[in-house]
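Read through the structure below, which is laid out as structure tokens, and then see the notes.
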Protein chains: 2
Amino acid sequence: MEQINVIKVGGAVVEQPEYLDELLCQFAALPGHKVLVHGGGRSATRIASQLGVESKMVDGRRITDEAMLGVVTMVYGGLVNKNIVTGLQARQVNAMGLTGADMNLILSHKRPVRTVDYGWVGDVDRVDGALLSDLIHKGIVPVVAPLTHDGQGHMLNTNADTIAGEVACALVPFFDVTLTMAFEKNGVLLDPDDDDSVIPGISREMYARLKAEEVVSGGMIPKLDNAFGAIDRGVKKVIITSAVDIAGNNGTILQ
Amino acid sequence: MEQINVIKVGGAVVEQPEYLDELLCQFAALPGHKVLVHGGGRSATRIASQLGVESKMVDGRRITDEAMLGVVTMVYGGLVNKNIVTGLQARQVNAMGLTGADMNLILSHKRPVRTVDYGWVGDVDRVDGALLSDLIHKGIVPVVAPLTHDGQGHMLNTNADTIAGEVACALVPFFDVTLTMAFEKNGVLLDPDDDDSVIPGISREMYARLKAEEVVSGGMIPKLDNAFGAIDRGVKKVIITSAVDIAGNNGTILQ
């Protein structure tokens, strides 16, 4: 089966010109089939603030009211996505920007209100992997913004890590999938204060032990749960690495 | 040859929820192959103003400096485009939003500075009609934002009427093309103050006479020049009509 890399990049890397340039070079240089999933939260917060729209967060998750939905639709679907697409086109990568609404790629439903009302936030129901596979086999490189839709006329804000995981799983019937989660750190660290303490590989047993010993904690736990969940669903390999090393040579590999 | 309708809508219609809903209903009801090209200038001006970005115009044309390029990329490529796509998906139209950068659809070059420096404005070099035709034959309905790119990493702001004309012409080898330009008036008016004075049909000879007699003047002249230019390049019919009558039953037909 052919290989594919699904790369998720978030944070400052997709939002600051000097980093973005380096990221696009690295991404363009990756051989073979690939998909890029991006975030954009910093830009959304900044532009929301300039527009007088308050950014409300609960446990690090954004509350998406009507005004904020407009902002993320502009920023993720327009500004960040199109900057990446234009930059990749200049590097001979035939990129196409997509939200979940485009060609009905990712259908979701508005998250039910339990203890917190997250507003216009979507939990993914299905990703059209066959459609993506078809585009990819035509030489197109999908660039996916963290927006989905409910099929009833509402765009919904959806976590980019979640989108990357769901996209990776939807491609499993068509490719041998590697999912790369690129972020600010160099990988999963043995010592959170030492950027050189990357754990090169983590098995499921080791993960259980690292959690019990509280070596892994906080925001890293949902990231790793998400990663092992993807492996359960057929993704061959997950790499957690630095956004300036998206080939993942020095990151943490989960298998 | 199969028929296709290329519909350009601009102004308030794509930017105000109550009008947009009516437009999307009408567009969804159009039978056969179709493409939607949209504007979004009013939203761009409003959001630019909220962000403290000044809207500079010369003879009704926008000057696109760096800050304004960011705004139109967000607003045209994100907010307006994705609202339309999401709304069409809810009406069982398999819409896909596109800028010129996506899949390298529309290549342009930055307009050279002569008397006026328009900034990051693109004049169209080519539209990939074969790519559009391929998508359309798969049942996809392209929704095109008025943004192009130069292949060197720059998004460029491009007039939506121009995009619609170029898209229509690029589809001529693949379809019998009707181009519909929908706007605030009901069509080309014999008396600009009388909305009921629509001229039902204008031939090229009649257009020359109407210009000489100054019945047609101002902003209508570039619109009609653009329309007859499209006919010269093989478009079968151009309809100038109201944005609340995109089927064009009561507009002006040019052939």
Side-chain angles (χ1 to χ4, degrees), chain A residues 17 20-21 24 40 43 46-47 50-53 69-105 107 131 134-135 138-143 145 147-156, chain B residues 17 20-21 24 40 43 46-47 50-53 69-105 107 131 134-135 138-143 145 147-156:
Chain A
L20 180 60
D21 201 63
L24 297 183
S43 296
R46 177 173 51 81
I47 288 169
Q50 289 172 4
L51 291 171
V53 175
L69 182 65
V71 172
V72 297
T73 301
M74 287 199 298
V75 172
Y76 302 162
L79 193 63
V80 178
N81 189 269
K82 298 314 170 193
N83 274 344
I84 293 173
V85 168
T86 309
L88 288 176
Q89 286 288 346
R91 289 170 175 86
Q92 279 66 57
V93 175
N94 197 9
M96 167 164 54
L98 290 166
T99 68
D102 296 291
M103 293 184 287
N104 196 20
L105 178 65
L107 203 62
L131 172 68
D134 188 43
L135 294 170
K138 289 194 166 62
I140 289 167
V141 175
V143 176
L147 295 165
T148 59
H149 80 131
D150 66 359
Q152 290 160 45
H154 302 109
M155 191 62 94
L156 294 166
Chain B
L20 179 60
D21 200 64
L24 297 183
S43 296
R46 175 173 52 81
I47 287 168
Q50 289 173 1
L51 291 170
V53 174
L69 182 65
V71 172
V72 297
T73 301
M74 286 199 299
V75 172
Y76 301 164
L79 192 63
V80 178
N81 189 269
K82 299 314 171 194
N83 273 344
I84 293 173
V85 168
T86 308
L88 287 176
Q89 286 288 347
R91 289 169 176 85
Q92 278 67 54
V93 175
N94 197 8
M96 166 164 54
L98 290 165
T99 69
D102 296 292
M103 293 185 286
N104 197 20
L105 178 65
L107 204 62
L131 172 68
D134 189 41
L135 293 171
K138 289 195 167 61
I140 289 166
V141 175
V143 175
L147 296 165
T148 59
H149 81 133
D150 66 359
Q152 289 159 46
H154 302 111
M155 191 62 94
L156 294 165

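Proteins get letters first, then strands, A, B, ... in listed order; numbering begins at 1 in each. Note that the coordinates shown come from a computational prediction; the quantities given were computed from them, not determined experimentally.
Looking only at heavy-atom pairs under 4.5 Å with chain A, the residue among B:H154, B:Q92, B:M103 that has the most is B:M103. Between chain A and the options B:A145, B:G97, B:G100, B:G87, heavy-atom pairs under 4.5 Å are most frequent for B:G97.
No side-chain donor-acceptor contact under 3.5 Å links A:N83 to the backbone of A:V80.
For A:Q50, the parts sitting under 4.5 Å from any heavy atom of chain B are the backbone and the side chain alike. Looking at B:I47, both its backbone and its side chain come within 4.5 Å of chain A, counting heavy atoms on both sides.
Legend: residues meeting salt bridge (charged side-chain N to carboxylate O under 4.0 Å, His left out) with A:R91, ordered by chain and number and at least two apart, are A:D21. For B:T86, the side chain to side chain contact (heavy atoms under 4.5 Å, CB included) partners two or more places apart in sequence, or in a different chain, are A:A101, A:H149, A:M155.
Test A:V85, A:N81, A:L135 against A:M96 for side-chain contact (heavy atoms from CB on, under 4.5 Å) and you get one pass: A:L135.
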